[in-house]
> 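Encoded as structure tokens, here's the structure I'll be asking about.
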Amino acid sequence: MSDKADSNSDDEFFEANEDLTSSTSSKLTNEFENLAVSDSAKTGCKLSLPSRRGGTATIVADAVPSSEEDDLEANIEGSKSVITHLLSQVRVGMDLTKVVLPTFILERRSMLEMYADFFAHADLFARIPDFQSPKERFVEVVRWYVSSFHAGRRSSLAKKPYNPILGETFMCMWDVEKMVPSTHDVSEGVLEKSPVPWANPNCVSFIAEQVSHHPPVSAFYAEHPGKRMSCGAHIWTKSKFLGLSICAQLVGEGSITDHVHDETYKITFPSAYARSILTTPWMEMGGKADIVCEKTGFSASLDFLCKPFVGGSRHRIYGELREVNEKKPFMTLEGHWNGVVTEKVGSQSSVFVDTTTMGVVPKLVQEVKEQQPTESRRLWQDVTNSLPHNITVATEAKVKLEEKQREDARMRKNTGTQWQHRNFHGDVERGFKFNHPLSSRL
């Protein structure tokens with residue numbers, strides 16, 4: 001991140017031991033073995049697992065929510081005066097960080113949970129070390145990355161996740177043992193400081209934390225100990241008003257590490273756009289993203305193409321994959337990041353990713369009543385339970401939560417207390433890293 005800011009500044013903040021055994025691993029895999037489902041499926045299986053915090057944790061196979069497009073369209077139609085009044089207070093190019101948006105346009109989850117959808121195809125992430133050559137592994141990293149955006153957009157309409165409050169966290173895992181069997185034993189020492197206390201060593205586990213609110217920066221970390229894979233990232237969402245659109249720049253970077261082959265892949269992110277905000281808003285991704293393997297020199301340049309004003313289609317992507325010191329790509333990609341992407345090697349073309357047929361691996365999340373007070377679903381439950389039908393109650397719950405966090409910020413300011421991050425360390429300038437990455441526990 002090149003823009004300087006103090007992540008510990010409290011001005012205008014809204015904040016908010018048992019080890020898993022092999023028998024538990026088998027139980028989890030048997031219980032959820034068929035939960036790689038399509039986007040239209042719904043699941044609700046429950047299972048109790050031992051937690052390294054002590055006691056047990058009840059986890060739920062996340063149900064993919066039904067579309068709320070009709071509700072949102074109805075709310076937009078009935079609230080155009082609110083939107084018009086809101087737009088009268090902003091100007092083109094204005095930073096929207098401190099602008100309070102109407103509650104009815106909110107998606108019923110936190111931004112931290114949306115970042116977890118990068119791992120909706122956790123099986124693709126976990127299998128990267130299984131490929132023999134550096135070139136094959138790099139292609140698999142790109143395949144996982146290209147497939148990671150569609151699950152986060154559950155509706156064709158542009159809806160905004162909750163702005164996470166300072167210190168808010170989200171934890172989940174994905175069971176991929178049946179699809180990608182573990183290849184390494186996991187000791188108790190490796191599990192001791194893993195990101196999710198109730199996670200299975202043969203799953204992909206995920207934790208995210210809001211590490212700064214001014215500017216808004218989220219950090220997340222995922223790992224699969226049994227496959228020796230990890231991924232960490234920090235993202236600063238910089239929103240700007242563009243007239244009839246809103247742009248959310250995802251400033252930051254991520255690192256994917258294959259610990260088996262000691263290969264690290266640096267990744268950047270495209271921007272997100274909300275279009276046609278005065279009528280029926282829809283979203284698209286736009287801008288460039290890069291993937292580079294520092295050790296092998298393989299690189300990929302991905303261009304998320306915005307829809308032209310006249311003609312053209314939405315959600316297009318074009319990419320080029322190159323070997324070190326080579327100007328000509330050994331593979332090109334073209335298609336739609338929320339549909340079919342085709343690869344071309346020489347004169348041969350084939351399907352690279354088809355998100356319309358790929359099964360999404362459901363998140364496994366602890367029941368809300370058992371979550372910590374700072375976890376997203378528990379923190380925002382009154383807002384979530386009231387949307388989309390009871391906007392007044394949802395707004396009151398949101399305001400109450402934000403005011404509580406303002407009070408906490410004022411108290412810290414009056415006592416000279418600095419905010420302490422829970423699971424990550426770093427700052428806005430240099431980025432944030434998970435406190436106990438897999439590399440420090442192997």
Side-chain angles (χ1 to χ4, degrees), residues 1-5 7 111-112 114-121 124-125 128 137-153 206 208 211-212 215-222 229-240 247-258 263-273 283-306 315-324 329 331-338 341 352-353 424 426-434 437:
M1 299 180 184
S2 58
D3 296 321
K4 294 184 178 181
S7 66
M111 180 75 76
L112 298 185
M114 193 188 77
Y115 288 139
D117 283 340
F118 277 127
F119 297 89
H121 299 291
L124 299 185
F125 173 77
I128 291 170
R137 291 191 293 273
F138 181 76
V139 170
E140 292 308 306
V141 170
V142 177
R143 193 187 314 276
W144 165 74
Y145 183 87
V146 170
S147 74
S148 67
F149 289 90
H150 79 100
R153 307 317 312 167
F206 174 94
V211 290
S212 170
V217 181
S218 307
F220 65 80
Y221 175 82
M229 283 293 298
S230 66
C231 174
H234 53 274
I235 299 177
W236 172 356
T237 51
K238 300 178 68 176
S239 300
K240 289 187 177 181
C247 172
Q249 295 175 284
L250 304 183
V251 181
E253 68 173 19
S255 295
I256 304 163
T257 302
D258 171 0
E263 294 172 350
T264 296
Y265 310 86
K266 296 289 187 181
I267 60 175
T268 58
F269 306 95
S271 298
Y273 293 86
M283 68 78 56
E284 66 176 344
M285 309 298 294
K288 294 187 180 295
D290 297 306
I291 305 175
V292 178
C293 181
E294 299 173 329
K295 180 178 180 180
T296 64
F298 285 102
S299 64
S301 177
L302 303 174
D303 199 351
F304 291 77
L305 303 169
C306 294
H315 313 310
R316 292 178 301 139
I317 186 173
Y318 176 79
E320 295 182 343
L321 284 64
R322 290 181 172 85
E323 298 187 56
V324 63
M331 178 185 291
T332 59
L333 305 175
E334 190 167 8
H336 297 82
W337 54 263
N338 64 344
V341 177
F352 186 70
V353 163
F424 295 82
D427 54 44
V428 174
E429 178 68 19
R430 294 174 297 174
F432 292 85
K433 297 184 182 300
F434 182 59

> Only pairs under 3.5 Å count here: list side-chain donor-acceptor contacts from residues 291-305, not counting sequence neighbours, and write none if there are none.
from, atom 1, to, atom 2, distance (Å)
Lys295, NZ, His261, O, 2.9
Thr296, OG1, Phe298, N, 3.4
Asp303, OD2, Lys288, NZ, 3.3

> Once salt bridge (Lys or Arg N to Asp or Glu O under 4.0 Å) is applied, do any residues pair with Arg137, and if so which ones, sequence neighbours excluded?
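Applying salt bridge (Lys or Arg N to Asp or Glu O under 4.0 Å) to Arg137 gives Asp258, Glu263.
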> Name all residues meeting the side chain to side chain donor-acceptor pair (under 3.5 Å) criterion together with Thr332; count only those two or more places apart in sequence or in a different chain, and write none if there are none.
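Testing Thr332 for side chain to side chain donor-acceptor pair (under 3.5 Å), a comparison that skips the adjacent residues, returns none.
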> Please report the C-alpha distance between Ile317 and Leu333 in whole Å, then the side-chain angles of each, then the deciding distance to 0.1 Å, and finally whether the side-chain contact (heavy atoms from CB on, under 4.5 Å) criterion is met.
CA-CA 8 Å; Ile317 186 173; Leu333 305 175; 6.0 Å; no
> Over all heavy atoms of both residues, which pair between Pro329 and Arg322 is shortest? Give the atoms and the distance, please.
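Between these two residues, the closest heavy atoms are CA-CG, 3.7 Å.
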> Please give me the minimum heavy-atom distance between Cys306 and Gly286, naming the atom from each residue.
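Scanning both residues, the minimum pair turns out to be SG-CA, 3.6 Å.
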> Grab the two heavy atoms, one from Met285 and one from Tyr273, that are nearest each other, plus how far apart they are.
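Closest pair (atom of Met285, atom of Tyr273, distance): C-CD1, 4.5 Å.
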> To the nearest 0.5 Å, tell me how far Ser218 OG sits from Tyr115 OH.
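Here the rounded value is 4.5 Å.
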> Between Met229 and Ile256, is any pair of side-chain heavy atoms under 4.5 Å apart?
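They are in side-chain contact.
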> What is the distance from atom CZ of Arg316 to atom CD of Glu284, rounded to the nearest 0.5 Å?
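One finds 9.5 Å between CZ of Arg316 and CD of Glu284.
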> Return the set of residues passing side chain to side chain donor-acceptor pair (under 3.5 Å) with Lys266 (not counting sequence neighbours), or none when no residue passes.
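Once residues adjacent in sequence are excluded, the partners of Lys266 under the side chain to side chain donor-acceptor pair (under 3.5 Å) criterion are Ser255.
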> What residues form a side chain to side chain donor-acceptor pair (under 3.5 Å) with Tyr145, not counting sequence neighbours?
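Side chain to side chain donor-acceptor pair (under 3.5 Å) list for Tyr145, sorted by chain: empty.
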> Who passes side chain to side chain contact (heavy atoms under 4.5 Å, CB included) against Ala233, sequence neighbours left out?
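Per chain and number, Ala233 pairs via side chain to side chain contact (heavy atoms under 4.5 Å, CB included) with Phe220, Phe269.
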> Between Leu250 and Thr237, does a side-chain contact (heavy atoms from CB on, under 4.5 Å) hold up when you go through it step by step?
CA-CA 5 Å; Leu250 304 183; Thr237 51; 3.8 Å; yes
> Could you tell me if the side chain of Lys238 sits less than 4.5 Å from the side chain of Lys240, heavy atoms only?
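Lys240 vs Lys238: side chains apart.
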> Not counting sequence neighbours, which residues clear ring pair (Phe, Tyr, Trp, His ring centres under 6.0 Å) with Phe352? List them please.
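Partners of Phe352 by the ring pair (Phe, Tyr, Trp, His ring centres under 6.0 Å) criterion come out as none, since no residue qualifies.
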> Please list all pairs passing the salt bridge (Lys or Arg N to Asp or Glu O under 4.0 Å) test where one or both residues lie in residues 140-150, with sequence neighbours left out.
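Found Arg127-Glu140, Glu140-Arg143.
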> Could you list the residues that satisfy ring pair (Phe, Tyr, Trp, His ring centres under 6.0 Å) with His315, not counting sequence neighbours?
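Partners of His315 under the ring pair (Phe, Tyr, Trp, His ring centres under 6.0 Å) test: Trp337.
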> In chain order, what residues pass the side chain to side chain donor-acceptor pair (under 3.5 Å) check against Ser230, with sequence neighbours excluded?
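For Ser230 the side chain to side chain donor-acceptor pair (under 3.5 Å) partners, ignoring immediate neighbours, are His259.
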> For the residue pair Trp144 and Phe119, is the inter-centroid distance of their aromatic rings smaller than 6.0 Å?
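Between Trp144 and Phe119, the centre distance is under 6.0 Å.
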> Is the distance between the ring centroids of Phe432 and Phe424 under 6.0 Å?
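Ring centroids of Phe432 and Phe424 are no less than 6.0 Å from each other.
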> Between Asp117 (side chain) and Ala120 (backbone), is there a donor-acceptor pair under 3.5 Å?
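Checking the backbone N and O of Ala120 against the side chain of Asp117, no donor-acceptor pair under 3.5 Å is found.
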